[in-house]
Amino acid sequence: MCGRFTLFAGADDLGERFSVSVPAEYSPRYNVSPSQPVPLIGDDDPGRIQFRTWGLLPEWADDATEHGYINARAETIEEKPAFRSAVRRRRCLVPADGFYEWTGDRGSRQPYRVAFGDDRLFAMAGIWERWEGPRRQTGLDDFGVSGEEPAGSDGRDEPPTEVRETVAILTTAAAGPVAEIHDRMPVIFPPDREREWLDADDEERRAELLRPFEAPGFRAYRVSTAVNDPGNDEPALVEPMGS
DNA sequence: CCAGACGTTGTT
DNA sequence: GTCTGG
DNA sequence: CCAGACGTTGTT
DNA sequence: GTCTGG
């Protein structure tokens, strides 16, 4: 799965760890949730952190109010119409220093945080998408300037009325301590192979990178149910609660 | 051919 | 039960 | 992912 | 856009 995560590293640490520039709007997060902006490193501009909305909206979606896909299964991502074009041409790394998993029944969901003992940063596999709303079809621009535009234009030269950039996180079989509480987890790369994902235009190379990686040193520990509410976002959320 | 879906997770 | 919002 | 809403009318 | 179902 992976429907929540943490990224509370300082801007300097984040920039240094991934060799990227970090924009001023970056701030530490203890409960990043679907529908929110996610800091990521995209293959379109791998030298900086960008923000894209969590919930991938395919280019053919009818409107931007539809539910996006927050996860994509690594095992089938090459075949699925919703993900195929993105995995071929629009990949990204999603930096994190932990992610949350839940156990128990609805109404009493117990969250766990999975992270390295020292909370060091790692990279999750992502794909992103650009969704463009309908274009005007008037053939005139906003100031009524008559250009080369012939009447009855199909609007292809007009700017889209709305542009949304979204992201989904890839999942795979859980490995190591995560398997104790869950059967799925985000795809995580060994640090020395992260950059290959952004450059993996070949399907066999992607398959190689997407194999489950049992990150040495990962731990899962119980945290407060305050994590359940996406509106909560403070350092106390990552404090251990005891078994 | 056209119409309609296109996804993951967890839970019962 | 199912959808929407964060 | 979980939490919370889930509806209409008329009036200010 | 592209695939599946009828």
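Heavy-atom basis, side chains included; hydrogens, waters and symmetry copies ignored. Numbers restart at 1 for each chain; the letters A, B, ... are given by sequence-line order, proteins then strands.
- Computed from coordinates, the E75(A) CD to dG7(B) P distance equals 14 Å when rounded to whole Å.
- Among the atoms of the strands shown, only primed sugar atoms or phosphate atoms (P, OP1, OP2) are found under 4.0 Å from some heavy atom of F83(A).
- Between the P atom of dT8(B) and the CD atom of E79(A) lies a distance of 10 Å, rounded to the nearest Å.
- Criterion: ILVMFWY side-chain heavy atoms under 4.5 Å apart, direct or through other members. Under it, V87(A) and I41(A) are part of a common hydrophobic cluster.
- When distances run from any side-chain atom of A82(A) to the nucleotides dC6(B), dT12(B), dC1(D), the shortest one goes to dC6(B).
- Side-chain atoms of P34(A) lie closest to dG6(C) of the nucleotides dT8(B), dG1(E), dG6(C).
- A gap of 12 Å separates the P atoms of dA3(D) and dT11(B), to the nearest Å.
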Side-chain atoms of residues 113-121 of chain A: list all donor-acceptor pairs with protein atoms under 3.5 Å, sequence neighbours left out, distances to 0.1 Å.
from, atom 1, to, atom 2, distance (Å)
R113(A), NE, T6(A), OG1, 3.4
R113(A), NH1, D119(A), OD1, 2.9
R113(A), NH1, Y221(A), OH, 2.9
R113(A), NH2, T6(A), OG1, 3.3
R113(A), NH2, D97(A), O, 2.7
R113(A), NH2, D119(A), OD1, 3.2
D118(A), OD1, R120(A), N, 3.1
D118(A), OD1, R120(A), NE, 3.2
D118(A), OD2, R120(A), NE, 3.3

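- Atom pair Y30(A):OH and dG6(C):P shows a separation of 23 Å (rounding to whole Å applied).
- The side chain of H182(A) contributes no N or O atom lying less than 4.0 Å from OP1 or OP2 of dT9(B).
- Looking at heavy-atom distances under 4.0 Å, L56(A) makes no contact with the nucleic acid at all.
- Residue-level contact check: G55(A) touches neither bases nor backbone, having no heavy atom under 4.0 Å from any strand.
- Between N71(A) and dT9(B) there is no side-chain polar atom (N or O) within less than 4.0 angstrom of OP1 or OP2.
- At a threshold of 4.0 angstrom between heavy atoms, the contacts of P81(A) include nucleobase atoms, whether or not backbone atoms are also involved.
- Atom-to-atom, CD of Q110(A) to P of dC1(D) comes out at 16 Å; the value is rounded to the nearest Å.
- Because its NZ or CZ atom is both nearer than 6.0 Å to the ring centre of W128(A) and within 45° of the ring axis, R52(A) counts as a cation-pi partner of that residue.
- Using a 3.5 Å distance cut-off with no hydrogens or angles, the side chains of R90(A) and S85(A) do pair a donor with an acceptor.
- A donor-acceptor pair shorter than 3.5 Å cannot be found between the side chains of W197(A) and D43(A).
- Rounded to an integer number of Å, the gap from CG of D229(A) to P of dC1(D) is 16 Å.
- Considering only side-chain N and O atoms, R84(A) lies nowhere under 4.0 angstrom from the phosphate OP1 or OP2 of dC6(B).
- Minimum atom distance to the side chain of T171(A) is reached by dT9(B), of the listed dT12(B), dG10(B), dT9(B).
- Across the protein-nucleic acid pair, R113(A) atom CZ and dC1(D) atom C1' stand 16 Å apart, rounded to whole Å.
- By the 5.5 Å and 30° criteria, W60(A) is stacked with the base of dC6(B).
- Residues S33(A) and P230(A) share a closest heavy-atom pair of OG-CB, 3.5 Å.
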Read 5' to 3' with Watson-Crick or G-U pairs under 3.5 Å, [ ] for crossing pairs and | for partners on another strand, DNA chain E gives ||||||
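- We find that R222(A) and E239(A) are not joined by a salt bridge, their nearest charged nitrogen and carboxylate oxygen being 4.0 Å or further apart.
- The phosphate of dC2(D) has neither OP1 nor OP2 within less than 4.0 Å of any side-chain N or O from S33(A).
- Sorted by first and then second residue, the pairs that involve residues 226-237 of chain A and meet salt bridge (charged side-chain N to carboxylate O under 4.0 Å, His left out), not counting sequence neighbours, are R29(A)-D233(A).
- Rounded to whole Å, the P atom of dC1(D) lies 8 Å from the corresponding atom of dT9(B).
- Atom CD1 in I70(A) sits roughly 9 Å away from atom P in dC2(D) (whole-Å rounding).
- Distances shown here put every side-chain N or O of R4(A) at or beyond 4.0 Å from the OP1 or OP2 atom of dG6(C).
- With centroids closer than 5.5 Å and planes inclined by less than 30 degrees as the test, Y69(A) and the base of dG7(B) fail to qualify as a stacked pair.
- Across all strands shown, T76(A) has heavy atoms under 4.0 Å from sugar-phosphate atoms exclusively, and none from any base.
- One interatomic measurement links the two molecules: CG of D233(A) to C1' of dC1(D), which rounds to 14 Å at whole-angstrom precision.
- Across dG7(B), dG10(B), dG6(C), the shortest atom-to-atom separation from the side chain of D183(A) is found for dG10(B).
- Distance noted for atom P between dT2(C) and dG7(D): 15 Å (whole Å).
- Atom P of dC3(C) sits at a distance of 29 Å from the matching atom of dG10(D), rounded to the whole Å.
- If you take atom P in dT12(B) and the same atom in dC2(D), they sit 12 Å apart, rounded to whole Å.
- For the 3.5 Å distance criterion, the side chains of R184(A) and T171(A) qualify, holding a donor opposite an acceptor.
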